[in-house]
Amino acid sequence: MDAPDAIIPKPVSVTKGSGAFKLTGDTKIILVGDQPELASLARHLAGKIGPLTGFNFVTVKGTGNEGKGNIYLRLDANTAELGDEGYTLKVDGEMASLAANKPAGLFRGIQTVIQLLPASAEGGNWSIPAVGISDHPLYGYRGSMLDVSRHFFSVADVKRYIDLIAAYKMNVLHLHLSDDQGWRIEIKSWPKLTEIGGSSEVGGAKGGFYTQDEYRDIVNYAAERYITIVPEIDMPGHTNAALASYPELNCNDTATKIYTGTEVGFSTLCVNKDITYKFIDDVIRELAAMTPGPYIHIGGDESHATKKEDYVTFMNKVQPIVTKYGKTVVGWDEIANATLEPNTIVQFWADEGNSLTAVQKGAKVIMSPAKKAYLDMQYDSTTKLGLHWAAYIEVDSAYAWDPASYVKGISRDNILGIEAPLWSETIVTMDDIEYMVFPRLPGLAEVGWTPAGARNWEEYRKRLATHGPRMKASGVDYYPSKKVDWK
Ligand code: ACM
């Protein structure tokens with residue numbers, strides 16, 4: 001299959017030309033424009049294709065008229081109709097020109113350039129086939145979630161995960177930072193959250209947490225890849241780690257024990273105490289101050305230990321705390337049972353009724369149906385990692401669905417985008433992450449990027465097959481599904 005036919009996510013428009021542009025040791029990356037972001041975009045491209053090809057790509061500013069033999073990166077207002085993440089790419093026998101209205105568009109286009117190069121090249125023939133591409137995403141929110149609470153993952157693991165999702169043009173990483181089994185973010189005004197609540201994880205190992213500096217480092221690393229971090233503090237349920245750290249957050253003023261199992265639905269903050277809202281205010285204030293992105297996720301799922309009326313009272317009090325600190329609330333679909341702040345976003349995962357209620361209340365929805373998008377669901381009954389309470393999700397099933405017709409009554413206009421969560425009850429190592437996430441994530445990235453009418457599994461599976469060598473070259477320990485004739 002020719003490289004332009006194998007791009008994931010599938011671009012909006014691809015016109016193949018004849019010939020190819022051969023990279024050499026003399027190829028320069030030429031930046032056309034004065035915007036400071038161009039230099040780091042060029043470094044990103046050189047940092048990917050330099051080690052791949054063995055060439056040392058020099059980066060220089062130019063006018064765009066330096067002629068053949070070069071790769072041009074250009075911010076160009078003429079591409080504004082392609083939006084903030086759209087780009088055009090023109091490759092002929094002599095040069096490659098990437099143009100976008102915004103730096104994020106150039107970053108997405110760079111991923112296309114990388115995919116147009118072979119995963120390895122016999123005899124050092126590193127050529128980009130002649131092609132014209134015009135491309136932009138269907139949805140503005142295309143993300144994955146990493147549960148760093150059930151098992152803790154290092155800053156290095158999170159950065160690797162960011163790189164892996166960036167290659168498929170995702171633009172959000174949601175970090176599930178707190179749950180019954182662990183509190184993973186330093187909160188200076190409540191230090192025992194990490195001292196006690198961060199000291200364990202599922203299975204009883206030592207857990208861990210991110211200092212505020214480490215979290216900022218993750219945020220910056222993501223931002224350089226035009227990825228927004230969405231931090232989640234799950235509440236009022238899924239809070240045992242906090243309840244074990246501070247007795248006063250419990251209605252009976254007694255700290256709970258550290259929890260290392262995998263049950264859900266047994267914990268709740270004490271909804272009727274003032275200290276609960278002081279606690280939440282402090283946590284959200286510190287979190288908002290280190291989160292440049294627009295969203296703070298307040299969880300709200302499976303609060304089975306909270307009375308229904310208490311849940312509504314609680315969510316009605318917590319949402320304004322988030323908006324007071326300048327952030328937009330995101331919550332799991334149960335939050336639709338509360339009065340929603342004007343901009344609150346509801347993340348559909350299980351309950352279609354909740355999600356319909358959200359839409360009727362005017363909320364936008366993130367589509368994360370557990371039966372399609374949950375990356376911790378096993379591929380089939382032989383998968384050794386993961387769970388299957390929602391479904392077994394083979395690679396074709398994760399791909400073959402349309403967010404805009406999945407729930408009757410929720411259509412394109414109601415949908416902010418899609419997110420593929422990885423819960424980590426059974427996920428311990430980076431290899432475990434990779435095995436569950438790949439090769440489903442590229443397909444889910446395409447669900448978010450490419451219009452449903454331009455997608456079908458039989459065509460996609462042939463494209464995905466060509467990404468086997470790419471994943472191998474990146475050291476990605478993927479599940480070799482029998483549904484795909486791997487190259
Ligand atoms: C969830 O899976 N409890 C959101």
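Order of listing sets the numbers, starting from 1, for every ligand and every atom in it. Residue indices begin at 1 and follow the sequence shown. Nothing here was measured: the structure is a model prediction, and the numbers come from that model.
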*Pair F266-D180, side-chain contact (heavy atoms from CB on, under 4.5 Å): steps then yes or no*: CA-CA 9 Å; F266 61 87; D180 292 318; 3.6 Å; yes

*Would D402 and Y406 count as a side-chain contact (heavy atoms from CB on, under 4.5 Å) if you check the C-alpha gap in whole Å, the side-chain angles of each, and the deciding distance to 0.1 Å?*
CA-CA 6 Å; D402 174 12; Y406 189 78; over 6 Å; no

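Ring geometry for Y399 versus W457: interplanar angle of 30 to 60°, hence tilted. Using a 30° and 60° split on the angle between ring planes, W332 and Y374 fall in the perpendicular class, above 60°.
Between H136 and W449, the ring centre distance reaches or exceeds 6.0 Å.
Considering backbone and side-chain atoms together, H238 places no N or O closer than 3.5 Å to any N or O of ligand 1. Between W332 and ligand 1, no pair of N/O atoms sits closer than 3.5 Å. Between W389 and ligand 1, no N or O atom pair is found at a separation short of 3.5 Å.
Applying the 4.0 Å criterion to heavy atoms of Y374 picks out, from ligand 1, the atoms 1 (C), 2 (O), 4 (C). Close approach of ligand 1 to W423 (heavy-atom distance below 4.0 Å) involves ligand atoms 1 (C), 2 (O), 4 (C). Ligand-side atoms of ligand 1 in range of D301: 1 (C), 3 (N), 4 (C), range being under 4.0 angstrom from any heavy atom.
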